[in-house]
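Below is one structure, written out as structure tokens; comments come after it.
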Amino acid sequence: MLDTTNPHNYHYSTKYLEIYILGGIKLNNLERMRVTLSIQKPKNNTVLRHSIDLYNDNMVEKLVRKTAERIEIGTSVVRETLQNLTGALEQYRIDQLKKENEEGQLQIKILSSKEQQEATKFLKSKDLLKKTNELIGQSGVIGEETNRLLMYLIFTSRKTANPLHCISLGSSGVGKTHLQSKVAELIPEEDKIEITVLSANAFYYFNRTELRNKLILIEDLDGAESVLYPLRELQSKRRITKTVVHKDTKGNTKTIHLTVEGPVSVSGCTTQESIYEDNSNRNFLLYIDESQEQDLKVMYYQRLLSAGKVNKDDEFIAARFLRDVQRILQPIKVINPYAEFLELPQSVFKPRRTNSHYLQFIEAITFYKQLQRSKKYDEQSGEEYIETTIEDIEEANKLIKEILLRKSDTITGASRNHLERLKVYLNQHNQTAFTNSEIRRNLRVKETTLRRYNKQLLEEGYIKRVKNAKTKSYCFEITDIEEYTNLKTQIDNALNNCLHQLGVASSSSSRHPTNGEVNT
């Protein structure tokens, strides 16, 4: 009897009355039902138009009498019709709200038996990280072999008790956001939240557990400055709380606490490394590959894409499979029995937090390889856990070298990239000194950018100003060509020394069983 085909003019008809609901009804404000009615007898031109809240009994009773008088019909007929109309509108509103709620909810994919078997077989396979990296490439991530695998493992850590976080850094247009979004496509939709712009208080109004073990993606940190503080608190304390004043239904003022729980894994992109130092201490810093080789890879892919020679179906299948793999992983505690032997190089800045990140990253690799580990149980609590192996630590060391190298550097990533390009240029031209005009012309660096690089390099002692004996003009020289190579060697030696100690400790443990165990 209720026709809602026209959203702006519902139609309700009975044997005795025809009623049009002009403008439809609002789906909010469920405590009232304000409508504008047009009432008439079938095939009769006498019309009564009236705005009314159908939940107000006094107003309805007045309308009953007014309608009966105006269009000459019994009050009992009008009363019954309005009651039935109210019930029909009420049910329609409930159905619409339920439909909107269902549409707003993400449909969580249930893996079929075959999909579960394939994902499980993959997670148990040898060289899992290598195969995973190959699949990431097949999904459409071009180049960035180390960064893409690092980012995937960091995103995977969202399911652990101590998730990792990352910030992608690089100049404008080098593909920071693209890398983040492509790797994020390998994470199930129900496990991530993408943010472009968010108000300062928005985080406090999520449901208490809505963010728990979620991946939060920030397209540009410059556009999310207002939420960086609550994000830092979520990263460090794994919960945020805001106290607000609230009036209850009786008008009484009360103080309530809004609490949102983590843990969460956070990923963002920016060109301005120095601005986000407070956030960068909590994050892995992933410097985008800006080399010519990477440019060639990306441009070749773009040409293939434009020529229609990229198989998008294969990319979709690879991405879907990695999402299925993510759904197979289950929360489980990870214990690293070798942690006490792992020491970072002394050159690393903020060693306490960096050391924590290093250990957490090893745990993330173990967590990803959980189906290759036998489950053990704590004798006291009975809690289930898996253990890290030396192989996990070796793979972590290979991936994290660049991260530790950047953490040990005293200059920003952009300045370091410029300095290394400068060294290559000077070596190619067999010279030691250079001028600003020469570098601007040959390395195509803007004057303001070059001035900023030189300022930091001079302050940190990486270059020095010298006077040219022939021209009597000033130029620059690099103070130590080998400083970065030496730093790399120092980090390599420190990590290799850890592995050597682990090998010694492991062999010693096998020769001297403890707790009455017998090694076979």
Side-chain angles (χ1 to χ4, degrees), residues 126-130 132-133 145-147 149-151 153-154 156-157 160 162 164-166 280-287 334-369 372-373 385-411 413 416 419-420 423 460-462 479-514 519:
K126 189 179 179 182
D127 297 328
L128 176 60
L129 294 189
K130 180 182 177 182
T132 299
N133 206 353
E145 285 79 4
T146 300
N147 279 340
L149 183 56
L150 273 167
M151 189 176 284
L153 291 170
I154 289 169
T156 301
S157 73
T160 67
N162 299 301
L164 295 166
H165 320 278
C166 65
S280 65
N281 292 333
R282 296 169 171 82
N283 294 268
F284 277 62
L285 302 182
L286 306 182
Y287 290 87
V334 175
I335 290 180
N336 183 355
Y338 307 102
E340 59 185 307
F341 301 103
L342 301 175
E343 294 184 9
L344 290 177
Q346 295 180 353
S347 59
V348 171
F349 285 145
K350 303 288 176 70
R352 297 181 184 181
R353 186 160 274 167
T354 304
N355 184 62
S356 175
H357 289 167
Y358 175 49
L359 295 174
Q360 286 173 236
F361 183 66
I362 295 172
E363 291 176 12
I365 290 179
T366 305
F367 174 81
Y368 186 57
K369 299 166 77 173
Q372 301 181 20
R373 302 286 180 265
Y385 68 92
I386 55 177
E387 287 188 348
T388 294
T389 65
I390 294 178
E391 180 189 5
D392 297 340
I393 298 171
E394 290 176 342
E395 290 183 314
N397 286 354
K398 290 178 184 177
L399 288 171
I400 211 171
K401 278 183 184 179
E402 184 67 22
I403 301 291
L404 294 179
L405 188 60
R406 296 288 189 170
K407 287 275 188 181
S408 304
D409 211 348
T410 57
I411 55 177
R416 169 55 65 187
L419 181 57
E420 294 308 302
K423 290 177 183 178
E460 297 294 338
Y462 287 91
T479 55
D480 184 1
I481 293 289
E482 300 296 328
E483 50 84 23
Y484 203 49
T485 303
N486 293 336
L487 185 59
K488 286 181 180 179
T489 303
Q490 182 183 349
I491 291 173
D492 284 343
N493 290 340
L495 294 176
N496 291 334
N497 185 51
C498 287
L499 289 173
H500 175 71
Q501 290 188 33
L502 289 180
V504 173
S506 178
S507 61
S508 174
S509 174
S510 64
R511 289 194 301 269
H512 303 288
T514 59
N519 291 303

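Residues: numbered from 1 along the sequence shown.
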For the pair Ile491 and Ser408, evaluate side chain to side chain contact (heavy atoms under 4.5 Å, CB included) and give the outcome as yes or no after the intermediate values. CA-CA 9 Å; Ile491 291 173; Ser408 304; 3.7 Å; yes
Counting neighbours of CD on Glu343 that are heavy atoms of other residues, nucleotides or ligands and sit closer than 6.0 Å, is the number greater than 12? no
Working to the nearest 0.5 angstrom, can you tell me the gap between Phe284 CZ and Thr354 OG1? 9.0 Å
Donor-acceptor under 3.5 Å (Asp392 side chain, Thr389 main chain): yes
Specify the closest pair of heavy atoms between Ile154 and Ser157, including all atoms of both residues, with the distance to one decimal. O-OG, 2.5 Å
Any Phe367 side-chain heavy atom under 4.5 Å of Leu153 side chain: no
Contact check, side chains of Phe361 and Ile403, non-hydrogen atoms, under 4.5 Å: no
With a 6.0 Å cut-off (strictly less than), is the heavy-atom count around NZ of Lys401, excluding the residue itself, greater than 12? yes
Find the distance between NZ (Lys126) and CD (Gln372) and round it off to the nearest 0.5 Å. 11.0 Å
Is any side-chain heavy atom of Ile393 less than 4.5 Å from a side-chain heavy atom of Tyr358? yes
Under a 3.5 Å distance rule, please check whether Asp480 uses its side chain to pair with a backbone N or O of Glu482 as donor and acceptor. yes
How far apart are the C-alpha atoms of Glu402 and Arg406, what are their side-chain angles, what is the distance that settles it, and do they pass the salt bridge (charged side-chain N to carboxylate O under 4.0 Å, His left out) test? CA-CA 6 Å; Glu402 184 67 22; Arg406 296 288 189 170; 3.2 Å; yes
For the residue pair Thr146 and Asn133, establish whether any side-chain heavy-atom pair is separated by less than 4.5 Å. no
Are the side chains of Glu395 and Lys369 in contact, using a 4.5 Å heavy-atom criterion? yes
So do the side chains of Gln360 and Asn162 get within less than 4.5 Å of each other, counting heavy atoms only? yes
Is any side-chain heavy atom of Leu150 less than 4.5 Å from a side-chain heavy atom of Leu286? yes
Between atom CG of Asn397 and atom CD1 of Ile362, what is the distance when rounded to the nearest 0.5 Å? 6.0 Å
Are any of the side-chain nitrogens in Glu420 or Arg416 under 4.0 Å away from the carboxylate oxygens of its partner? yes
Main-chain N/O of Ile481 paired with Lys423 side-chain donor or acceptor, under 3.5 Å: yes
Identify, with sequence neighbours excluded, every residue that meets side chain to side chain contact (heavy atoms under 4.5 Å, CB included) alongside Thr132. Phe122, Leu128, Ile136, Leu149, Tyr152, Leu322, Tyr368
Within the distance-only criterion (no hydrogens, no angle test), does the side chain of Thr479 pair as donor or acceptor with the backbone N or O of Gly461 below 3.5 angstrom? yes
To the nearest 0.5 Å, what is the distance between CD on Glu394 and CG on Leu399? 12.0 Å
Asn147 (side chain) donor-acceptor with Tyr287 (main chain) under 3.5 angstrom: yes
Any chance you could measure Thr366, atom OG1, to Glu363, atom CD, to the nearest 0.5 Å? 7.5 Å
Whether the side chain of Asn497 engages the backbone of Asn493 through a donor-acceptor N/O pair (distance < 3.5 Å, no angle test) should be reported. no
When rounded to the nearest 0.5 angstrom, what is the spacing between CD1 in Ile335 and CZ in Arg373? 14.0 Å
